[in-house]
Amino acid sequence: RTHFWKETDIILSYDIKGFFKSKIRELAVMAKLGSEMRILLLDPQSEYVPLLEKACLMKHGEYAYYALQIQNFALRVAQAGAEDTVVNITIKYYDSLPLDNMLRAYDALFAYDNKENVASGFKVCVYENDLNGYNFYKTMFNEKWNDGSFSYSKEITAEMVPNMRYFADNDTI
């Protein structure tokens, strides 16, 4: 159904690595077909990133590396887009306790808890359009996205990524 997703909202914090690796190709196709994407990420320079990396069994600097990769993904997709397609991917950052991961695509919304790399997996809640859970998360996302005191634009550079050479040399994507 992804080719019908005209707008997509994503919040990534705890699942940035897994989501990026498993969904990057699908997101690229959606973007090239004209899906408008808004991605909200925890600022890689936030004081909460070391706690997040520890909770997710990530190496120091790994969260910043994947935030940079998502930014680079948006640039590559825009460059590879067809001439008659407008690629519209916007990324904003926030600096607070990490939000739950969320993917809202057209008429379905997936919200999932803040654990990665656990044997039992993680809990995923799926909400359909116009139901309470869907409306709650959609409203929350819009409020956070539009609140200039909460979310902001930022360019992530390689210099902001601790251990950049290690991650670049060992990335499987």
Side-chain angles (χ1 to χ4, degrees), residues 2 5-24 26-28 30-31 35-74 77 88-118 120-157 160-162 167:
T2 57
W5 294 353
K6 296 299 178 198
E7 55 184 43
T8 306
D9 293 333
I10 301 169
I11 299 174
L12 290 175
S13 56
Y14 292 87
D15 191 32
I16 192 169
K17 178 181 176 181
F19 186 89
F20 182 78
K21 287 186 172 206
S22 68
K23 299 295 180 199
I24 196 67
E26 188 175 1
L27 291 175
M30 290 168 42
S35 179
E36 178 183 333
M37 292 184 192
R38 300 185 299 174
I39 303 172
L40 188 57
L41 301 173
L42 179 64
D43 188 328
Q45 294 180 309
S46 169
E47 66 180 310
Y48 298 104
V49 168
L51 299 170
L52 184 143
E53 288 176 333
K54 183 177 180 183
C56 294
L57 306 176
M58 298 171 104
K59 292 178 175 45
H60 177 61
E62 197 166 4
Y63 181 87
Y65 174 76
Y66 282 103
L68 176 63
Q69 293 310 308
I70 289 173
Q71 179 181 282
N72 290 341
F73 151 78
V77 170
N88 188 356
I89 302 172
T90 307
I91 301 170
K92 286 188 176 182
Y93 298 89
Y94 67 95
D95 186 7
S96 74
L97 287 173
L99 298 172
D100 286 343
N101 299 297
M102 185 200 86
L103 167 65
R104 185 186 69 80
Y106 187 60
D107 61 352
L109 188 145
F110 303 87
Y112 48 104
D113 66 10
N114 294 332
K115 290 295 177 193
E116 183 181 271
N117 299 327
V118 293
S120 61
F122 50 86
K123 180 181 175 183
V124 178
C125 296
V126 181
Y127 302 102
E128 293 181 15
N129 192 5
D130 289 329
L131 297 178
N132 287 341
Y134 182 97
N135 293 335
F136 169 80
Y137 277 101
K138 182 179 179 181
T139 300
M140 182 272 303
F141 183 91
N142 285 328
E143 287 175 357
K144 299 294 186 191
W145 186 264
N146 294 320
D147 181 352
S149 66
F150 181 83
S151 62
Y152 46 89
S153 299
K154 181 175 187 168
E155 182 177 349
I156 307 302
T157 64
M160 295 177 184
V161 180
F167 296 119

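Given the structure is predicted, the values throughout are model-derived calculations rather than measurements. Keep in mind that the numbers below use all heavy atoms, side chains included, and drop hydrogens, waters and symmetry copies.
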Handout entry: Separation between CG of N72 and OH of Y66, rounded to the nearest 0.5 Å
Key = 13.0 Å
Problem - Heavy-atom pair with the smallest gap, counting every atom of Y134 and D107 - result: CE1-C, 3.9 Å
Exercise for the section: Mind checking salt bridge (charged side-chain N to carboxylate O under 4.0 Å, His left out) for R104 and listing every partner two or more places apart, or none if nothing turns up? Expected result: E7, D9
Problem - Inter-residue atom distance E36.CD - I89.CD1, 0.5 Å rounding - result: 10.5 Å
Handout entry: Side-chain touch F141/M102, heavy atoms, less than 4.5 angstrom
Key = yes
Practice task
Mind listing the closest non-hydrogen atom pair of L27 and M37 along with its distance?
Solution key: O-CE, 3.1 Å
Exercise for the section: Show your reasoning for whether side-chain contact (heavy atoms from CB on, under 4.5 Å) applies to K21 and I16. Expected result: CA-CA 9 Å; K21 287 186 172 206; I16 192 169; over 6 Å; no
Problem - Non-hydrogen side-chain atoms of F19 and N101 separated by less than 4.5 Å - result: no
Handout entry: Test item: I39 and I70 side chains (from C-beta on) under 4.5 Å apart, heavy atoms
Key = yes
Exercise for the section: Measure the shortest side-chain to side-chain distance between V161 and P44 over non-hydrogen atoms and say whether it is less than 4.5 angstrom. Expected result: no
Handout entry: Side chain proximity check, L52 to L42, heavy atoms < 4.5 angstrom
Key = yes
Problem - Set of side chain to side chain donor-acceptor pair (under 3.5 Å) partners for D147, sequence neighbours left out - result: S149
Problem - Expected output: side-chain E53 to main-chain M58 donor-acceptor under 3.5 Å - result: no
Problem - Side-chain touch K144/S151, heavy atoms, less than 4.5 angstrom - result: no
Fill in the blank from the handout: Those residues at least two apart in sequence (or on a different chain) that pass ring-ring contact (aromatic ring centres under 6.0 Å, His included) with Y127 are Y137
Problem - Partner set under salt bridge (charged side-chain N to carboxylate O under 4.0 Å, His left out) for K154, not counting sequence neighbours - result: D43
Exercise for the section: Could you pull out all residues at least two apart from E143 that satisfy side chain to side chain donor-acceptor pair (under 3.5 Å)? Expected result: none
Exercise for the section: For the residue pair M160 and T157, establish whether any side-chain heavy-atom pair is separated by less than 4.5 Å. Expected result: yes
Handout entry: N146 CG: over 12 foreign heavy atoms closer than 6.0 Å
Key = yes
Exercise for the section: Look up atom SG in C125 and atom CG in L109, then write down how far apart they are to the nearest 0.5 Å. Expected result: 10.0 Å
Could you go through residues 91-98 and list every donor-acceptor pair under 3.5 Å that involves a side-chain atom there, pairing it with any protein atom two or more places apart or in another chain?
from	atom 1	to	atom 2	distance (Å)
K92	NZ	W145	O	2.8
Y94	OH	L99	N	2.8
D95	OD1	S46	OG	2.6

Exercise for the section: Could you pull out all residues at least two apart from P50 that satisfy side-chain contact (heavy atoms from CB on, under 4.5 Å)? Expected result: none
Exercise for the section: Find the distance between CG (D100) and OG (S13) and round it off to the nearest 0.5 Å. Expected result: 7.0 Å
Handout entry: salt bridge (charged side-chain N to carboxylate O under 4.0 Å, His left out) partners for E62, two or more places apart
Key = K17
Completion exercise
Output for pair (L68 CG, L41 CG), nearest 0.5 Å, gives 11.0 Å
Handout entry: With sequence neighbours excluded, residues passing side-chain contact (heavy atoms from CB on, under 4.5 Å) with N135
Key = D130
Problem - Check: A105 main-chain N/O paired with T8 side-chain donor or acceptor under 3.5 Å - result: no
Practice task
Could you tell me which residues satisfy salt bridge (charged side-chain N to carboxylate O under 4.0 Å, His left out) with K59, sequence neighbours excluded, listed by chain and number?
Solution key: none
Completion exercise
Applying side chain to side chain donor-acceptor pair (under 3.5 Å) to N142 and not counting sequence neighbours gives R38
